[in-house]
J.: 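After the structure tokens below, expect a handful of questions from me.
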Amino acid sequence: MATENKNLSNYDKTTIPNAKDFRFGIVVSEWNDNITEGLYNGAIEALKDCGAVDKNIKRWNVPGSYELIYGCKKMQNQNVDVVIAIGSVIQGETKHFDFVCDGVTQGIKDLNVLSDIPVIFCVLTDNNMQQSIDRSGGKHGNKGTEAAIAAIKMVQLRKDANGIGGRLGY
């Protein structure tokens, strides 16, 4: 495994835009909440470390990962700059895993294509509970942290591309 004994959640704060004025929407699946809460906590910690303030962070819960699509679609209309979709799907004995993973992946991709508000994919699709634990604050770091950093960078990219941020130099 390529990530064995590596923490992929380390980031260089000096390379991350200050998130003080950015508005974040976070949609969290209640399914596998022992995992999704760890991902959420990692995201919040990183956002605040990079300057985000509580009043600019809005959280909604949805029942499961499949419902993230609808929740994120509605969150895009809540005066936010970016949405982070947090979920966890763990392989079981049936093909349900494949359908949920594919549907959520395609649905979030579609939201990114159809809207100007980016949606960050923070949905673990693991073979077992241990892999999810390892990626939600365990030995492989926290994918919630990584999603938060991606969210901050995407807000800045959106602002630059729309002529608001001025960092691209155009």
Side-chain angles (χ1 to χ4, degrees), residues 7-9 11 16 19-92 96-155 158:
N7 183 330
L8 302 176
S9 301
Y11 57 91
I16 311 298
K20 179 176 71 87
D21 296 322
F22 297 172
R23 298 174 316 262
F24 301 91
I26 304 176
V27 182
V28 182
S29 169
E30 294 172 336
W31 191 260
N32 293 325
D33 65 337
N34 58 319
I35 301 302
T36 59
E37 286 303 313
L39 295 169
Y40 173 78
N41 291 334
I44 289 295
E45 184 178 307
L47 291 175
K48 289 183 178 181
D49 184 47
C50 293
V53 294
D54 286 330
K55 70 177 185 167
N56 290 340
I57 302 170
K58 180 180 287 195
R59 175 186 172 151
W60 286 352
N61 290 345
V62 294
S65 289
Y66 202 81
E67 291 77 21
L68 286 169
I69 303 162
Y70 183 81
C72 290
K73 175 182 162 186
K74 293 302 183 182
M75 183 66 85
Q76 286 176 314
N77 298 321
Q78 296 296 308
N79 194 30
V80 297
D81 295 311
V82 66
V83 178
I84 302 172
I86 295 179
S88 171
V89 186
I90 300 171
Q91 177 72 54
H96 182 75
F97 172 86
D98 298 322
F99 297 127
V100 172
C101 292
D102 188 51
V104 174
T105 302
Q106 295 304 316
I108 291 176
K109 180 267 300 173
D110 290 345
L111 294 176
N112 278 303
V113 170
L114 297 172
S115 175
D116 190 47
I117 305 297
V119 179
I120 306 302
F121 187 85
C122 182
V123 180
L124 298 183
T125 56
D126 294 316
N127 292 319
N128 57 58
M129 181 61 77
Q130 188 60 53
Q131 287 179 344
S132 295
I133 291 168
D134 291 345
R135 288 160 180 77
S136 60
K139 69 180 181 180
H140 294 311
N142 192 315
K143 295 297 180 184
T145 301
E146 295 171 41
I149 299 305
I152 293 168
K153 290 181 176 183
M154 290 303 292
V155 171
R158 179 175 172 260

J.: Just verifying a value: how many Å separate S88 OG and R135 CZ, rounded to the nearest 0.5 Å?
T.: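 Taking OG in S88 and CZ in R135, the distance rounds to 11.0 Å.
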J.: Working to the nearest 0.5 angstrom, can you tell me the gap between F121 CZ and L68 CG?
T.: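 It comes to 9.0 Å.
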J.: Give the C-alpha distance, both sets of side-chain angles, the deciding distance and a yes or no for side-chain contact (heavy atoms from CB on, under 4.5 Å) between D54 and K48.
T.: CA-CA 8 Å; D54 286 330; K48 289 183 178 181; 2.6 Å; yes
J.: Minimum heavy-atom separation for G25 to V80, with atom names?
T.: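 In this case the closest contact between G25 and V80 is N-CG1, 3.8 Å.
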J.: Would you say D126's side chain and I90's backbone share a donor-acceptor pair under 3.5 angstrom?
T.: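 Side chain of D126 to backbone of I90, a donor-acceptor pair under 3.5 Å: no, none is there.
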J.: Sub-3.5 Å donor-acceptor pair from the side chain of D33 to the main-chain atoms of T36, do we have one?
T.: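 Checking the backbone N and O of T36 against the side chain of D33, no donor-acceptor pair under 3.5 Å is found.
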J.: How many angstroms lie between atom NZ of K20 and atom CG of N56, to the nearest 0.5 angstrom?
T.: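 Answer for the NZ-CG pair, K20 versus N56, is 9.5 Å.
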J.: Ignoring hydrogens and angles, tell me if any N or O in the side chain of R59 forms a donor-acceptor pair with the backbone of V28 under 3.5 Å.
T.: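 Such a contact is absent between R59 side chain and V28 backbone.
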J.: Is atom OH of Y66 surrounded by more than 12 heavy atoms (other residues, nucleotides or ligands) closer than 6.0 Å?
T.: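 Check fails, neighbour count at 12 or below.
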J.: State, yes or no, whether a side-chain contact exists between M129 and I35 at a heavy-atom distance under 4.5 Å.
T.: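 Answer yes - side chains close enough.
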J.: Going by an N to O cut-off under 4.0 Å, is there a salt bridge joining K74 and E67?
T.: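 Looking at E67 together with K74, the answer is no, because their closest N to O distance does not fall below 4.0 Å.
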J.: Compare every heavy atom of F97 with every heavy atom of G92, then report the nearest pair and how far apart it is.
T.: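 Shortest heavy-atom separation between G92 and F97 comes out as N-CB, 4.4 Å.
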J.: Is there a donor-acceptor pair closer than 3.5 Å between any side-chain N or O of S136 and the backbone N or O of S132?
T.: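 Such a contact is found between S136 side chain and S132 backbone.
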J.: Has N112 got a side-chain atom pairing as donor or acceptor with P118's backbone, closer than 3.5 angstrom?
T.: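 No, because the side chain of N112 does not come within donor-acceptor range (under 3.5 Å) of the backbone of P118.
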J.: Just verifying a value: how many Å separate M75 CE and I117 CD1, rounded to the nearest 0.5 Å?
T.: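 Interatomic distance, M75 CE to I117 CD1, rounded to 0.5 Å: 12.0 Å.
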J.: To the nearest 0.5 Å, what is the distance between CG on D81 and CD1 on I152?
T.: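 Taking CG in D81 and CD1 in I152, the distance rounds to 11.5 Å.
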J.: Can you measure from SG (C101) to CD (Q106) and round to the nearest 0.5 angstrom?
T.: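 Between atom SG of C101 and atom CD of Q106 there are 11.5 Å.
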J.: A148 and I84: which non-hydrogen atoms are nearest, and at how many Å?
T.: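 Of all heavy-atom pairs spanning A148 and I84, the closest is CA-CD1, 4.0 Å.
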J.: For E45, I'd like to know if atom CD has over 12 heavy atoms of other residues, nucleotides or ligands within 6.0 Å.
T.: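 No, not enclosed.
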J.: Write down the atom of I120, the atom of A147, and the distance for their closest heavy-atom approach.
T.: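 Minimum heavy-atom separation between I120 and A147: CG2-O, 3.6 Å.
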J.: Report yes if some heavy atom in the side chain of C50 is under 4.5 Å from a heavy atom in the side chain of Y11; otherwise report no.
T.: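 Answer yes - side chains close enough.
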J.: In the structure I gave you, are the side-chain heavy atoms of I16 and K153 within less than 4.5 Å of one another anywhere?
T.: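 With C-beta onward as the side chain, the pair touches.
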J.: Give me the atom names and distance for the closest heavy-atom approach of S29 to S65.
T.: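 Smallest interatomic distance, heavy atoms only, reads OG-N, 3.2 Å.
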J.: With distance as the sole test, does N32 use its side chain to make a donor-acceptor pair with the main-chain N or O of G87 at under 3.5 Å?
T.: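 Checked: no pair found.
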J.: For a side chain to side chain contact (heavy atoms under 4.5 Å, CB included) with I26, tell me which candidate from V83, N61, L39, I44 qualifies.
T.: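 When side chain to side chain contact (heavy atoms under 4.5 Å, CB included) is applied between I26 and each of V83, N61, L39, I44, only I44 qualifies.
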J.: Would you name the heavy atoms of W31 and G64 that are closest together and state the gap between them?
T.: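 Where W31 meets G64 most closely, the heavy atoms are CB-CA, 3.9 Å.
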